[in-house]
Colleague: 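Could you have a look at this structure, given as structure tokens, before my questions?
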Amino acid sequence: EFLFGSEDDLTILKMGEYADKHDATKLLGAPPSYVGYEEGGLLARLMLKRPYQLIVFEDIDKAHPHIQELVAQILDYGSVNDSHGRRLDFSNTMLVATTNVGTDLLKSAGRNRMGFGGGERVSEGSDDSVRDEVLRASAAAMQAELSGAFDERLVFPALREDDLVTVTERLVDRLRAEIERQQGLRFSVSPEVLRHFVSSSANGGGSPTLFGRDLRKRVESALAAWVLEGGRSASRADLPCLLIRFVDDRVVAVEVPDES
């Protein structure tokens, strides 16, 4: 959103789904006379539709070496030809690759692993040697052509509690706007529930994807239960304001006075 103006300009490619050499056809399209040739590849559809965007190759080390070489070619030359011979120009695209290789080194060094968790920042001062080890491990886990093609290689530190609070608040804000737009329901989340999610994420070390999925599930379940219990009926003309809170250790939605 900051770079290109919209969250729609973000594409995440899970490279674990490209572990076979022939999976390159998913990206560039099938060769002529093969099934799927007319459809073209995913990269072609992405770039022809939105050349200004951020593409994330998630867990790049899980991709087949042939796929890694393809990504390295894109990074080196800024373009690639698809199965139709069309030149896909990445000059206006930001490319990011991620990997979890090296997290064991952070643990053995007595540091928190990457991702969610409290603790010190990995990349400061005395942690430079650990950072260098992680970078060497990640480089060894991928093709040399790819490892040398990146402009920058970064080690992301563990998220601290204040980071988690910010993440939680942003997730709630987005979910609130989406549900109000689609379902006409307004709600807020109590500080107790927010602290619960922050604490669960910090202690459990869950990924942002799983964390966001669990948050959405709990909030939507609470709202659905409120609706099924008759909270929203056809005879009501007002738009109620709800509070997501704990009642007997359950996350529920209760109606509260509208203070807006």
Side-chain angles (χ1 to χ4, degrees), residues 1-14 46 49-50 53-56 58-59 96 98 100 112-119 121 156-260:
E1 184 176 359
F2 173 78
L3 291 172
F4 299 108
S6 171
E7 290 185 4
D8 294 333
D9 296 317
L10 166 66
T11 299
I12 299 177
L13 300 178
K14 299 182 181 300
L46 288 173
K49 182 180 180 181
R50 297 198 312 271
Q53 66 168 301
L54 169 63
I55 297 179
V56 178
E58 186 177 274
D59 293 325
V96 175
T98 69
N100 286 318
N112 288 308
R113 57 185 171 76
M114 286 181 278
F116 286 111
R121 297 291 177 178
F156 284 95
L159 295 179
R160 298 174 294 189
E161 186 172 344
D162 56 341
D163 299 320
L164 293 172
V165 170
T166 300
V167 170
T168 305
E169 291 175 343
R170 293 194 64 181
L171 289 172
V172 169
D173 287 342
R174 293 175 185 178
L175 183 57
R176 182 189 298 116
E178 177 184 334
I179 289 179
E180 182 172 351
R181 182 178 66 253
Q182 296 179 355
Q183 306 297 329
L185 293 175
R186 294 181 300 161
F187 72 90
S188 59
V189 179
S190 72
E192 293 78 12
V193 173
L194 285 177
R195 285 197 296 269
H196 169 76
F197 278 105
V198 169
S199 176
S200 298
S201 179
N203 295 330
S207 70
T209 300
L210 295 178
F211 174 52
R213 188 181 304 160
D214 182 49
L215 174 62
R216 171 182 286 271
K217 179 180 178 181
R218 299 287 290 275
V219 170
E220 289 182 340
S221 295
L223 293 174
W226 178 83
V227 171
L228 292 174
E229 291 169 0
R232 181 177 187 176
S233 63
S235 61
R236 294 191 63 166
D238 62 324
L239 187 63
C241 185
L242 305 173
L243 175 66
I244 307 297
R245 55 172 295 187
F246 279 117
V247 174
D248 297 329
D249 295 326
R250 294 186 303 117
V251 178
V252 300
V254 297
E255 192 167 343
V256 295
D258 188 354
E259 299 179 354
S260 61

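Counting from 1, the numbers follow the sequence of the chain as shown.
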Colleague: Can you find a pair of side-chain heavy atoms, one from L185 and one from V227, that are under 4.5 Å apart?
Modeller: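 Yes, their side chains come closer than 4.5 Å.
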
Colleague: Atom CD1 of I55 and atom CG of D9: how far apart are they, to the nearest 0.5 Å?
Modeller: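 These two atoms lie 10.5 Å from each other.
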
Colleague: In sequence, state the C-alpha distance, the side-chain angles, and the governing distance for V251 and I244, and then conclude on side-chain contact (heavy atoms from CB on, under 4.5 Å).
Modeller: CA-CA 7 Å; V251 178; I244 307 297; 3.4 Å; yes

Colleague: If you round to the nearest 0.5 Å, how far is NZ of K14 from OG1 of T98?
Modeller: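 These two atoms lie 9.0 Å from each other.
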
Colleague: What's the spacing between Q183 CD and E220 CD if we round to 0.5 Å?
Modeller: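 It comes to 8.5 Å.
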
Colleague: State plainly whether the residues D173 and R170 are in salt-bridge range, i.e. N to O under 4.0 Å.
Modeller: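 The answer is no: the pair does not qualify as a salt bridge.
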
Colleague: Just verifying a value: how many Å separate E58 CD and N100 CG, rounded to the nearest 0.5 Å?
Modeller: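 The CG atom of N100 is 8.0 Å from CD of E58, to the nearest 0.5 Å.
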
Colleague: Using only atom types and a distance under 3.5 Å, with no angle test, would you say the side chain of R176 pairs donor to acceptor with the backbone of F187?
Modeller: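 Flag set: sc R176 to bb F187 pair under 3.5 Å.
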
Colleague: Could you state the interatomic distance from CZ (R195) to OG (S190), rounded to the nearest 0.5 Å?
Modeller: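 Between R195 CZ and S190 OG, I get 8.0 Å after rounding to 0.5 Å.
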
Colleague: For residues A222 and A253, report the shortest heavy-atom separation together with the two atoms involved.
Modeller: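 Nearest heavy atoms, A222 then A253: O-CB, 3.6 Å.
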
Colleague: Hey, could you give me the CG/CD1 distance between L242 and I179, rounded to the nearest 0.5 Å?
Modeller: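 Atom-to-atom, L242:CG and I179:CD1 are 10.0 Å apart.
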
Colleague: Evaluate the side-chain contact (heavy atoms from CB on, under 4.5 Å) criterion for residues T11 and R50: first the C-alpha distance (whole Å), next the side-chain angles of each, then the deciding distance (0.1 Å), finally the verdict.
Modeller: CA-CA 10 Å; T11 299; R50 297 198 312 271; 3.6 Å; yes

Colleague: So, do L194 and V165 sit near enough that their side-chain heavy atoms are less than 4.5 Å apart?
Modeller: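 They are not in side-chain contact.
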
Colleague: Do the side chains of V193 and F246 get nearer than 4.5 Å, heavy atoms only?
Modeller: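 Yes, at least one pair of side-chain atoms sits under 4.5 Å.
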
